[in-house]
Amino acid sequence: KAGVTQTPRYLIKTRGQQVTLSCSPISGHRSVSWYQQTPGQGLQFLFEYFSETQRNKGNFPGRFSGRQFSNSRSEMNVSTLELGDSALYLCASSPGHGDYNSPLHFGNGTRLTVT
Amino acid sequence: QKEVEQNSGPLSVPEGAIASLNCTYSDRVSQSFFWYRQYSGKSPELIMSIYSNGDKEDGRFTAQLNKASQYVSLLIRDSQPSDSATYLCAVNPGGGSGYSTLTFGKGTMLLVSP
């Protein structure tokens, strides 16, 4: 079974630009979560989508948004990029069917550098 | 604010020793607990999950959970240099909606010297 696939692996953007990251979950998984990882803050939850609906949202500004498609693939968008947005963005999937014992399975991440 | 606390380390142990990694969490009603390993430059990979009080063993790894003390630990027996990584403790607060949301600690760096 294929794992979680994130594209692209690396991105370099300039302040003020916007960026879109993509995530394909494990087949059959309907929940997709996004996390931001930085050396100082660790892994911070951005949002979670299930069946095309945002179920939960972390404490990030509105510049961070996401969506999920009918095939469970998800995208996240960051607008008006700031230097502080430089981070590893991780996508994770799980079945999502009300079983909080299911672990998250992470993709390889997208390394975003903002200059 | 639900918090998960870990000692940042590094925790240094010699090869063959037992490494003990600890984690405390603030939300008393948390339901499920996970340990992830993250090598430098890589993404987190699940190594253990535990849901009930007590010990759970899987190979060289043992997870321990004490809900009364809000404490989770991971023991690695016969530590190998390949175990050198950052270990992340993650907690799912649970809830009837079944949210697939984990709160992570900042991780403990483990260094195993040959």
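Below, chains carry the letters A, B, ... as their sequence lines are ordered, and counting in each starts from 1.
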Next item on the list: Have a look at L81(A) and tell me which of L11(A), T14(A), T115(A), V114(A) forms a side-chain contact (heavy atoms from CB on, under 4.5 Å) with it.
Entry: V114(A)
Checklist line | Residue, of N108(A), N59(A), L88(A), that accumulates the most heavy atom pairs under 4.5 Å with chain B | finding: N108(A)
Next item on the list: Measure distances from F47(A) to the heavy atoms of chain B and classify the residue's part below 4.5 Å as side chain, backbone, both or neither.
Entry: neither
Next item on the list: Please report the closest heavy-atom contact between Q6(B) and K106(B), naming both atoms and the distance.
Entry: OE1-N, 3.9 Å
Next item on the list: Give, as side chain, backbone, both or neither, the part of L90(A) having an atom under 4.5 angstrom from any heavy atom of chain B.
Entry: side chain
Item checked: Best-contacting candidate, S8(B), P44(B), A90(B), S49(B), against chain A by heavy atom pairs under 4.5 angstrom -> P44(B)
Margin query: Does any backbone or side-chain atom of Q44(A) lie under 4.5 Å from a heavy atom of chain B? Answer side chain, backbone, both or neither.
Written below: neither
Check: Do the rings of Y36(B) and F104(B) sit parallel, tilted or perpendicular, given the 30° and 60° boundaries?
Finding: tilted
Notebook entry, point to check: Checking heavy atoms, do the side chain of E45(B), its backbone, both or neither come under 4.5 Å from chain A?
Noted result: neither
Next item on the list: Taking S43(B) for its side chain and G107(A) for its backbone only, find out whether a donor-acceptor pair lies under 3.5 Å.
Entry: yes
Item checked: Check: S79(A) side chain, Q18(A) main-chain N or O, donor-acceptor pair, under 3.5 Å -> no
